[in-house]
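See structure below.
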Amino acid sequence: KRHKFWETQPVGQFKDLGDTSLTEGPIEQPTPLSEVKQEPYNLPAPYEWVTCDLDSEEVCSEVYTLLTNNYVEDDENMFRFNYSKEFLGWALRPPGYFRSWHIGVRVKTTKKLVAFITGIPAKIRVRDAVVLLAEVNFLCVHKKLRSKRLAPVMIKEVTRRVHMENIWQAAYTAGVVLPTPITTCQYWHRSLNPKKLIDVGFSRLGARMTMSRTIKLYKLPEQTTTPGFRKMEPHDVPSVTRLLRNYLMQFAVAPDFDENDVEHWLLPKEDVVDSYLVESPESHEITDFCSFYTLPSSILGNQTHSVLKAAYSYYNVSTKTPLLQLMNDALIVAKKKDFDVFNALDVMQNESFLKELKFGPGDGKLHYYLYNYRLKHVLKSSELGLVLL
Ligand SMILES: COc1cccc(CC(=N)NC(=O)c2cccnc2OC2CCNCC2)c1
């Protein structure tokens with residue numbers, strides 16, 4: 001019964017875990033494009049496939065509304081991710097994207113959008129192999145259509161459309177355990193606006209703590225502390241690309257970013273992504289980098305507040321400035337931008353600053369997966385250099 005669908009897919013199976021005879025790499029070989037199913041999978045009668053053109057303001061709004069009302073909630077159903085339209089336009093249209101990978105399901109009669117799934121192309125290095133794969137994200141089925149087994153057909157359809165572009169691997173994350181995680185990350189939160197976080201039930205007042213003591217505990221300086229700390233600008237793309245490529249080499253799985261990728265993913269974009277760097281005042285060398293993306297959450301059922309403004313740690317590089325000091329400056333700018341909380345996974349070298357910068361552990365985990373690619377050993381989260389949106 002468990003994982004009826006996933007046991008039919010080319011993914012690491014739990015039963016394979018101990019088998020050291022299995023090699024690392026693709027599980028199934030590519031099939032000739034002529035043999036890839038040319039027509040879409042069958043949907044239940046009332047529904048039809050639609051390709052979502054995110055250049056259309058109207059379609060973007062429909063996707064935004066579907067996700068705002070039906071996408072991922074926390075374990076206690078108190079919060080729901082509330083990706084903005086601008087964020088979705090950015091997240092789903094990187095260099096080389098395929099419109100056909102932005103897949104929707106509509107009700108034939110009303111044309112209402114009731115499900116969504118996406119892929120974007122990404123060059124990901126897995127140990128020494130650079131794999132062109134699809135990052136699959138935003139799988140969402142309307143609350144009223146749950147347990148109609150729509151998700152498996154959505155996954156098969158995005159897989160088919162990825163195969164049609166001669167791409168045979170994928171990467172994705174989930175809050176649930178499926179066959180078989182390449183690593184499992186703990187998420188951590190750093191309070192920036194503790195009073196609001198406690199008011200909305202995101203955090204709880206610590207034992208023997210008063211509200212004023214808590215506000216004081218999380219207080220941050222008004223200004224950043226690192227000399228040469230400034231926002232990233234377009235002319236920084238080449239040096240940030242060099243810095244980031246070198247830094248990511250130490251991780252077993254990490255993006256293989258080129259300058260076009262860095263320009264898209266890391267140049268600051270208001271209310272979407274923020275990135276800062278340290279330019280040495282003497283040499284003008286770019287020595288460090290930090291970034292975070294903006295992902296608010298709707299607060300479900302609170303009279304006073306309706307939105308939780310959250311920053312999510314993205315890619316950070318420290319070569320001269322201690323990572324602890326760099327990330328403290330990231331917290332300071334996030335607070336100044338009125339974020340309520342700064343979230344991070346225990347990936348890369350994040351563990352080195354989490355406790356010291358007063359992050360608290362979240363109540364859930366984020367599992368990372370590869371499709372049609374077997375790793376010999378599960379990774380420690382610190383061996384992972386990939387952050388998905
Ligand atoms: C605070 O509002 C929430 C609304 C929905 C879910 C969660 C808990 C949760 N599931 N958090 C994460 O998955 C998470 C926690 C820290 C960093 N990144 C994360 O997820 C990212 C990456 C995967 N896609 C969603 C955003 C929290």
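Hydrogens, waters and symmetry mates play no part in the numbers below; they use all other heavy atoms, side chains included. Quick note: residue numbers are just sequence positions, from 1. Counting convention: from 1, in listed order, for ligands and their atoms alike.
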Assess the residue pair His102 and Phe116 against the criterion (ring pair (Phe, Tyr, Trp, His ring centres under 6.0 Å)); give the C-alpha distance rounded to whole Å, side-chain angles, the decisive distance to 0.1 Å, and a yes or no.
CA-CA 8 Å; His102 301 157; Phe116 189 60; 7.4 Å; no
Which of Lys196, Lys195, Lys335 passes salt bridge (charged side-chain N to carboxylate O under 4.0 Å, His left out) with Asp340? It is Lys196
Task: Worked check of side-chain hydrogen bond (donor to acceptor under 3.5 Å, both in side chains) between Tyr373 and Glu28 - done: CA-CA 8 Å; Tyr373 202 93; Glu28 288 179 349; over 6 Å; no
*If two hydrophobic side chains count as joined below 4.5 Å and joins carry through other members, does Val50 share a cluster with Phe138?*
yes
Could you go through ligand 1 and list every pair where one of its N or O atoms sits under 3.5 Å from a protein N or O, giving the atom names and the distance to one decimal?
unit_1   : atom_1 : unit_2 : atom_2 : d
ligand 1 : 2 (O)  : Ser297 : OG     : 2.8
ligand 1 : 24 (N) : Leu389 : O      : 3.2

Quiz item: Under 4.5 Å between side-chain heavy atoms, hopping through other hydrophobics if needed: is there a path connecting Tyr218 to Leu197?
Solution: no
Asn316 meets the side-chain hydrogen bond (donor to acceptor under 3.5 Å, both in side chains) criterion, sequence neighbours left out, with Ser313
